[in-house]
Amino acid sequence: MEEKLEQQSADCLRVVLYGPESTGKTTLARQLAERFDTVWVPEFMRDYSQEKWDREGRAVEQSDMLPMATGQMQLENQLAPEANKVLICDTNLMELVVYSKAYYQGWVDPLLLKPALKAQYDLYILTYIDVPWVKDDLRDRPNQRDWMFSMFKETLDAYNLPYQTLKGNYIQRLDRAEEMIVQLINDKKIGLK
């Protein structure tokens with residue numbers, strides 16, 4: 001199991017969009033990939049959850065955490081070699097750690113936590129809750145957005161992970177996120193293809 005959850009090395013910077021549900025991560029991931037002429041890693045965990053909901057009419061459970069984590073990391077490892085110096089990740093294992101804590105009274109499978117902590121990202125872009133919440137089959141915490149945001153931020157702080165908070169409307173977010181990534185590229189002296 002541990003090998004399936006291990007992040008493989010690749011010659012690219014890794015930027016993860018990270019934060020509560022309905023904060024524009026997927027839209028932003030697509031836009032940033034287009035701006036940087038690179039690939040983005042979709043949120044496997046969301047697709048898995050939606051398929052389970054459609055098939056069984058129920059939400060994911062603790063037993064689903066490791067299969068979701070495995071699928072997410074496999075997708076990231078598959079796409080990283082295709083990146084144009086920057087891989088945009090629409091979530092990562094650390095996001096699943098936060099959701100596990102939130103939904104299962106603080107429980108996180110050690111088999112998930114270890115690779116989540118070991119995986120390396122050059123920047124976490126923490127998406128704030130100042131955009132409208134959009135209801136769908138899976139989103140269920142419109143009244144707990146402040147609490148969820150705090151959990152995401154506290155996790156980044158607790159593990160001393162590199163992050164910047166992203167606020168504003170969708171246009172402002174895209175422009176600001178692009179600035180963050182350009183600065184990261186310049187700091188790391190990475191040339192784009």
Side-chain angles (χ1 to χ4, degrees), residues 5 7-8 10 12-53 60 64-65 67-100 102 112 115-116 119-134 136-141 145 148-149 151-153 155-156 161-181 184-185:
L5 290 171
Q7 183 187 61
Q8 295 172 2
C12 62
L13 298 173
R14 294 180 198 240
V15 174
V16 61
L17 303 177
Y18 172 89
E21 63 186 13
S22 195
T23 54
K25 296 183 297 289
T26 300
T27 299
L28 186 58
R30 286 186 186 115
Q31 293 170 328
L32 288 171
E34 186 175 319
R35 288 242 176 135
F36 288 95
D37 190 29
T38 191
V39 295
W40 65 284
V41 181
E43 187 179 6
F44 177 88
M45 298 176 286
R46 180 168 178 76
D47 293 339
Y48 180 103
S49 299
Q50 185 67 56
E51 286 174 18
K52 183 169 183 169
W53 180 262
V60 295
D64 293 305
M65 294 297 109
M68 287 192 298
T70 299
Q72 189 68 47
M73 188 52 75
Q74 286 176 340
L75 193 54
E76 181 179 324
N77 286 336
Q78 174 189 339
L79 291 170
E82 298 175 27
N84 179 14
K85 299 298 179 186
V86 179
L87 180 67
I88 308 295
C89 300
D90 178 11
T91 201
N92 70 348
L93 299 187
M94 194 57 74
E95 182 137 342
L96 190 56
V97 166
V98 173
Y99 278 113
S100 184
L112 168 60
Q120 297 293 306
Y121 297 89
D122 297 281
L123 176 63
Y124 282 77
I125 296 179
L126 175 60
T127 53
Y128 193 61
I129 56 173
D130 57 348
V131 293
W133 187 82
V134 179
D136 68 14
D137 290 341
L138 303 175
R139 295 175 178 156
D140 64 351
R141 297 197 171 195
R145 295 183 89 195
M148 289 299 295
F149 180 80
M151 286 191 70
F152 279 94
K153 185 178 184 313
T155 300
L156 292 170
L161 298 171
Y163 76 94
Q164 292 186 45
T165 303
L166 187 64
K167 296 181 178 182
N169 65 39
Y170 293 111
I171 294 169
Q172 292 167 330
R173 284 170 178 241
L174 176 58
D175 291 342
R176 181 63 188 121
E178 182 178 9
E179 289 171 7
M180 291 176 189
I181 295 171
L184 179 66
I185 290 168

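Computed over heavy atoms, backbone and side chain alike; hydrogens, waters and symmetry mates excluded.
For the atom pair Met73 CE and Gln8 CD, the distance stands at 9.5 Å (nearest 0.5 Å). With rounding to the nearest 0.5 Å, the separation of CD in Gln72 from CG in Asn77 is 10.5 Å. Separation of atoms CH2 (Trp40) and CD (Glu82) is listed at 13.5 Å; rounding is to 0.5 Å. Interatomic distance, Gln164 CD to Leu156 CG, rounded to the nearest 0.5 Å: 12.0 Å. Between Asp122 atom CG and Leu87 atom CG the span is 10.0 Å, to the nearest 0.5 Å.
With contacts defined as side-chain heavy-atom distances shorter than 4.5 Å, the pair Met151/Tyr99 does not qualify. In this structure, Tyr18 and Leu161 have side chains that are not in contact, with every pair of non-hydrogen atoms separated by 4.5 Å or more. At least one side-chain heavy atom of Phe36 sits less than 4.5 Å from a side-chain heavy atom of Ile185. Side-chain contact between Phe44 and Thr70 is absent, with no heavy-atom pair separated by less than 4.5 Å. Glu95 is listed as a side-chain neighbour of Phe152, based on a closest heavy-atom distance under 4.5 Å. A 4.5 Å side-chain heavy-atom check between Leu174 and Arg35 finds at least one atom pair inside the cut-off. For the pair Lys85/Thr38, no side-chain contact is recorded, criterion being any heavy-atom separation below 4.5 Å from C-beta on. In this structure, Arg173 and Val131 have side chains that are in contact, with non-hydrogen atoms separated by less than 4.5 Å.
With sequence neighbours excluded, the residues forming a side chain to side chain contact (heavy atoms under 4.5 Å, CB included) with Gln172 are Asn169, listed by chain and number. Tyr163 meets the ring-ring contact (aromatic ring centres under 6.0 Å, His included) test with no other residue; sequence neighbours excluded. Under the rule for a side-chain hydrogen bond (donor to acceptor under 3.5 Å, both in side chains), the partners of Thr127 that lie at least two apart in sequence or sit in another chain are Thr23. Listed by chain and residue number, Cys12, Arg14, Ala80 satisfy the side chain to side chain contact (heavy atoms under 4.5 Å, CB included) test with Ala10 (two or more places apart in sequence, or in another chain). Evaluation of the side chain to side chain contact (heavy atoms under 4.5 Å, CB included) rule for Asp64 yields Tyr48, Lys52, Val60, Glu61, Met68 as partners, not counting sequence neighbours.
Of the N and O atoms on the side chains of Glu76 and Gln7, at least one donor lies less than 3.5 Å from an acceptor on the other residue.
With Leu166 as reference, Ile125 is the one residue of Leu17, Leu126, Ile125 to meet the side-chain contact (heavy atoms from CB on, under 4.5 Å) rule.
Distance alone, capped at 3.5 Å, places no donor-acceptor pair between the Asp130 side chain and the Lys167 backbone. Between the side chain of Glu43 and the backbone N or O of Cys89, no donor-acceptor pair lies under 3.5 Å.
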Using a 3.5 Å cut-off and no angle test, enumerate the donor-acceptor pairs between side-chain atoms of residues 26-34 and protein atoms at least two apart in sequence or in another chain.
from  : atom 1 : to    : atom 2 : distance (Å)
Thr26 : OG1    : Asp90 : OD2    : 2.5

Check the pair Gln78, Gln74 against side chain to side chain contact (heavy atoms under 4.5 Å, CB included), reporting the backbone distance first and the verdict last. CA-CA 6 Å; Gln78 174 189 339; Gln74 286 176 340; over 6 Å; no

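For the pair Ser100 and Met65, the tightest heavy-atom approach, listed with the atom from each and the gap, is CB-SD, 4.0 Å. Annotation for Leu79 and Pro42: closest pair CD1-CD, 3.9 Å, computed over non-hydrogen atoms.
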